[in-house]
Structure formats: structure tokens, C-alpha cells
Amino acid sequence: MPVSDRTAAKAGAEGRNRTSAFTALLPGIGLCLAITVVALAAQAIEEHVFSHPYVEALVVAILLGIAVRTAWTPGPRFRTGIAFSAKQLLEVAVTLLGASLSLTAIVASGPALILGIVAVVAVGIGASYGICRLLGLPARMAILVACGNAICGNSAIAAVAPVIGAEAKDIAASIAFTAVLGVLMVLGLPLFVPLAGLTDHQYGVLAGLTVYAVPQVLAATVPVSLLSTQVGTLVKLVRVLMLGPVVVAFSLIAPRLARAEGGTAPAAGRLGFTKLVPWFILGFLALATLRSLGAVPDMATAPIARIAGLLTVVSMAALGLGVDVRVLARVGGRVTLAVTGSLAVLIGISLLLIRGLGIG
């Protein structure tokens with residue numbers, strides 16, 4: 001066979017393989033998208049009835065995924081697309097989140113508060129991890145719960161999970177119980193205004209330091225005052241910005257974690273930077289820097305954020321589809337205690353910061 005014919009045949013075979021690989025993804029992705037549509041519809045109904053969602057679409061998606069998995073186990077033809085949605089699509093979503101973060105407002109808020117927020121996140125992660133381990137949770141789940149509590153709930157869990165190699169059941173358990181407490185926080189946190197004698201400014205800082213998601217910060221502060229909402233949003237922005245450094249830090253200790261839990265240790269030899277820091281974290285940091293320098297226009301941030309949010313919901317549906325609810329039932333009590341204890345510690349640390357800095 002002439003060389004040109006062999007080259008053409010090889011190219012044709014590669015093309016067919018790519019087409020076959022793409023086709024194999026479609027059933028699983030389609031199933032995840034179907035769950036995503038239902039989850040988004042549920043959030044839209046909440047927004048119409050209550051003006052804001054108490055349970056976000058990504059939480060609904062993972063719960064629906066678990067429900068589907070409980071009633072029916074997807075066959076082999078769905079698994080490739082589900083795995084792709086849970087990993088690759090989630091990594092793209094984490095990268096895109098960087099485009100919505102700017103350093104300008106953070107610098108303007110003053111160094112004392114910024115350092116205080118960094119300290120609360122660091123102490124919160126350490127204390128939460130310790131509580132989880134004392135309750136017998138696996139190291140990876142303890143990390144997920146700690147990061148979810150200390151940074152930004154579901155988004156932090158979703159971002160840290162692929163870096164430390166967390167299993168789907170651990171991710172789902174962490175998100176499910178963190179989501180429940182997130183709703184309770186929105187409903188109960190305003191009680192701290194009269195109980196702790198907090199001013200609107202102080203309450204905004206407390207909400208920004210303790211409530212998980214940005215929409216939940218708004219839901220928890222809007223009933224109090226506009227000042228609380230503005231302060232809470234700013235503090236929350238600084239807290240979310242900690243996600244990048246925290247994920248980078250965990251990417252560095254992930255090989256040690258694998259060895260400690262009997263996993264596969266990294267191969268001996270020199271590791272490149274891209275092996276230590278996943279590509280999507282580099283992308284996250286790059287987009288955050290470009291946004292801070294003004295290279296990402298304001299008109300582009302909202303569409304990018306919507307795309308990232310949609311991909312995250314699709315990924316959460318995929319994670320739910322990979323969870324056996326019986327495993328969740330076995331760890332439920334310990335996870336609930338761990339998340340609750342961690343959240344109590346976080347609130348305590350935040351109140352100490354407010355008093356210590358003399359925030360009025």
C-alpha cells in the first residue's frame with residue numbers, strides 16, 4: 001500500500017476513534033443534562049415564589065442524581081459520559097470561576113480585615129479537619145468538609161475534590177449535609193443580631209465569614225439592611241478568593257495523602273509544575289489575574305459566570321448519579337456532627353475576629 005494510502009487510512013481510523021469516543025459520551029452527558037434542566041426549573045420556581053433560592057440548583061441536581069441512582073443503576077453505556085461530566089466539565093467550571101474575581105475591591109477594604117479573613121479561613125480549615133478526624137471520617141472527606149465550611153460550601157468542595165482524588169460518595173455526602181446547614185444558616189443567622197448585639201456592619205462581616213454561597217449571603221443579609229448586604233458580599237468575595245491558594249496547597253500535599261491512606265504514591269523522580277498544580281487551577285488563577293488587570297471586560301463576567309454555574313450543576317448531577325445512597329446512610333450521622341461542629345467553630349472564630357478588630 002502506498003505511503004499516501006496508509007496515511008489516509010490512519011487518519012480515517014483516528015477520525016472514527018474520535019467520533020466513537022464522542023458518541024460514547026452522549027448518553028451519560030444527556031442524562032446529566034436532563035437532571036440539570038429539572039434542577040434549574042426547581043430553582044426558578046423557588047425564585048418565583050420566594051424571590052431567591054433557598055436550595056440552589058446544584059444541590060437539587062446532586063439530590064436528584066442520588067434519587068435516580070437509588071431507583072435505577074445506569075448501565076455501562078452511560079458511565080463514560082457521567083464520568084466525563086463529573087471530572088472534565090467540573091474542571092472547566094472551576095477555571096471559569098476565576099474570571100469573576102477581582103482584587104481591586106479586596107485591596108480597598110484594608111489590610112487588617114483581609115488578614116483576619118485569611119486567618120479565619122486557615123484556622124477554620126484546621127479546626128474542621130481536626131473535628132472530622134476525631135469523629136472518624138476519612139482524611140479526604142474531612143478535607144472536603146473543612147474546605148466547604150471555611151471557604152464557600154459546595155463550590156469549594158467541588159474544586160478541592162478532584163485535586164485530592166476524593167470519591168463520589170465523599171463529595172456527595174459533604175455537599176448534601178453542607179447544603180442542609182447552608183439553608184439553616186440563611187434562616188437562623190439573623191438571630192445573632194439581637195442575641196449577640198451585633199450592628200449591621202458586624203452582622204455583614206459575620207455573614208460573609210460563615211454563610212456558604214454568595215446567593216445565601218444575600219438571602220441572609222437582605223432582611224437585615226443594605227449595609228449588611230454590602231459588607232457581607234465584600235467579605236464573602238475575599239473568602240472565595242482563598243479558594244485558589246487553598247486548592248494549590250492541597251494539590252501539593254495530595255501525593256502524601258495518597259501514601260498515608262494506602263493509595264498509589266507518585267512515581268519517583270522530578271515532577272513538573274503542571275503535575276503538582278492541576279491545569280484548571282492554573283487557569284483559575286490566570287483568569288483571576290486577567291480580571292484584576294482589566295483584561296476581562298465587565299460585560300463578559302456575567303456570561304462566563306453563568307456558563308461556569310451551568311457546568312457545575314451538570315457535574316453535580318453526575319456526582320449524584322455515582323453515589324450509592326446506602327453508603328450515605330452509613331456515614332450520615334458522623335458527617336452531620338462533623339459539619340455542625342465545624343460550623344459552630346467557624347461562627348465562634350468569626351465573632352472573636354469581629355470583637356478583636358473592634359469592628360463597629
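By convention here, the first residue in the shown sequence is residue 1.
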Report yes if some heavy atom in the side chain of [X] is under 4.5 Å from a heavy atom in the side chain of [Y]; otherwise report no.
X      : Y      : answer
Met185 : Leu343 : yes
Ile164 : Leu144 : yes
Leu209 : Leu346 : no
Leu40  : Val60  : no
Val314 : Ile29  : no
Ser128 : Val345 : no
Tyr203 : Pro190 : yes
Ile349 : Leu353 : no

Please name the pair of heavy atoms, one in [X] and one in [Y], separated by the smallest distance, quoted to 0.1 Å.
X      : Y      : value
Tyr129 : Ala146 : N-CB, 3.7 Å
Cys147 : Val246 : SG-CG1, 4.0 Å
Gln43  : Ala57  : OE1-N, 2.6 Å
Gly124 : Ala150 : C-CB, 4.0 Å
Leu206 : Leu189 : CD2-CD1, 4.0 Å
Ser350 : Val120 : OG-CG1, 4.0 Å

Output the distance between atom [atom1] ([X]) and atom [atom2] ([Y]), rounded to the nearest 0.5 Å.
X      : Y      : atom1 : atom2 : answer
Leu234 : Arg239 : CG    : CZ    : 13.0 Å
Leu90  : Met316 : CG    : CE    : 5.0 Å
Lys236 : Ile117 : NZ    : CD1   : 11.0 Å
Ile151 : Ile125 : CD1   : CD1   : 4.5 Å
Gln202 : Phe192 : CD    : CZ    : 13.0 Å
Leu25  : Ile82  : CG    : CD1   : 11.5 Å

Between [X] and [Y], is there a donor-acceptor pair closer than 3.5 Å when you use the side chain of the first and the backbone of the second?
X      : Y      : answer
Asn149 : Val145 : yes
Thr301 : Asp298 : yes
Lys87  : Ser315 : no

State yes or no: do [X] and [Y] share one hydrophobic cluster built from I, L, V, M, F, W and Y residues joined by side-chain heavy-atom distances below 4.5 Å, directly or via other members?
X      : Y      : result
Ile307 : Phe84  : yes
Leu96  : Leu310 : no
Val38  : Leu311 : yes
Leu227 : Val193 : yes
Leu64  : Trp72  : yes

Check your understanding: Under 3.5 Å, is there a donor-acceptor pair linking the side chains of Ser228 and Thr221?
Key ->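 No donor-acceptor contact under 3.5 Å links the two side chains.
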**Study point:** Option passing side-chain contact (heavy atoms from CB on, under 4.5 Å) with Val231 (candidates Leu113, Val217, Val205)
**Key:** Val205
Review point. Does the pair Ile304 and Leu287 meet the rule for a side-chain contact (heavy atoms from CB on, under 4.5 Å), with working shown?
Key: CA-CA 11 Å; Ile304 292 174; Leu287 281 179; 5.6 Å; no
Check your understanding: If you count the non-hydrogen atoms of other residues, nucleotides and ligands that lie under 6.0 Å from CZ in Phe250, is the total more than 12?
Key -> yes
